[in-house]
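As structure tokens, the structure follows; a few thoughts come after it.
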Amino acid sequence: MDARDPDLNKELDAALQTRKELGAEYESELVDSFMEKVEQRFNDTADRHVRRQLAEQQMATAPGSRPYATGAPADQAHGLGVGERFAFVGVSLVLAIPLSAIGVVNEGLPGLLITWAGVFGVNAVHAMGAFSRLRRGHGQEKSRD
């Protein structure tokens, strides 16, 4: 038994002493009773942990809160997770295929180059927007400290 929880140690000692006094015929009831106490202790600890995490999430999403205090990466604090950025790039590339075909059919190689310049430009603007939001977030954090 771990010495970190003295109450459970006391409960176990009491259960063992009771077993010695009452005999083996009450062993299953004593074990069940002790396991219920362990389960209740576990549930209480898990509930505290869940409540703490929910409070931290609420603080992270509350207006005026410090987005970097939760330990989340700065880009996720501004809603620009890796998945969202990847999805944006993926959608722009998927849309680039029919746009490339339209550009080639209508204008040939110059149409293809203009189409891909547009795809590149849209992704670059998106990336720079994310970068500027990220920088603004860091600047706000430094000014608060």
Side-chain angles (χ1 to χ4, degrees), residues 1-105 111-145:
M1 173 76 11
D2 192 8
R4 288 184 293 175
D5 195 345
D7 291 335
L8 279 180
N9 279 340
K10 289 178 187 176
E11 293 289 337
L12 179 60
D13 288 340
L16 292 174
Q17 288 300 324
T18 304
R19 189 218 179 258
K20 286 180 185 176
E21 293 174 9
L22 296 178
E25 59 270 3
Y26 293 102
E27 186 171 324
S28 65
E29 288 85 4
L30 291 170
V31 169
D32 288 342
S33 173
F34 179 72
M35 291 307 295
E36 286 176 13
K37 291 174 185 173
V38 170
E39 183 179 3
Q40 183 61 42
R41 187 70 45 94
F42 175 78
N43 288 339
D44 291 345
T45 303
D47 287 344
R48 280 194 309 271
H49 181 71
V50 168
R51 282 194 304 267
R52 184 181 325 120
Q53 283 196 328
L54 286 174
E56 288 174 359
Q57 287 176 354
Q58 288 173 349
M59 291 296 294
T61 58
S65 66
R66 297 179 59 191
Y68 306 107
T70 62
D75 58 347
Q76 289 180 357
H78 291 285
L80 297 170
V82 174
E84 293 173 14
R85 289 185 298 202
F86 183 74
F88 183 84
V89 171
V91 168
S92 68
L93 291 177
V94 167
L95 292 176
I97 294 169
L99 291 174
S100 297
I102 293 169
V104 167
V105 167
L112 180 65
L113 294 176
I114 290 171
T115 301
W116 279 96
V119 170
F120 175 79
V122 166
N123 283 291
V125 167
H126 181 263
M128 293 307 291
F131 183 70
S132 67
R133 283 190 296 266
L134 180 62
R135 279 199 339 227
R136 271 197 316 264
H138 278 297
Q140 290 170 356
E141 253 331 275
K142 289 178 184 175
S143 65
R144 287 183 186 165
D145 290 340

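In this text the structure is predicted, and so the values were computed from the model without any measurement. The first residue of the sequence shown is numbered 1, and numbering continues consecutively from there.
Put simply, the side chain of N123 reaches to within 4.5 Å of the side chain of F88, judged on heavy atoms. The shortest side-chain heavy-atom distance between Y26 and R19 does not fall under the 4.5 Å cut-off. In this structure, R41 and D7 have side chains that are in contact, with non-hydrogen atoms separated by less than 4.5 Å.
When every heavy atom of L30 is checked against every heavy atom of A15, the shortest pair comes out as CD1-O, 3.8 Å. Considering all non-hydrogen atoms of both residues, E25 and E29 come closest at O-OE1, 3.7 Å.
With no hydrogens or angles considered, no side-chain donor-acceptor pair links D13 and Q17 at under 3.5 Å.
With sequence neighbours excluded, no residue satisfies ring-ring contact (aromatic ring centres under 6.0 Å, His included) with F120. Scanning for side chain to side chain contact (heavy atoms under 4.5 Å, CB included) contacts around S100 gives L112, T115, W116, with sequence neighbours left out.
A distance of 12.0 Å separates CZ of F34 from OG1 of T18, quoted to the nearest 0.5 Å. With values rounded to the nearest 0.5 angstrom, H49 atom NE2 is found 10.0 Å from F42 atom CZ.
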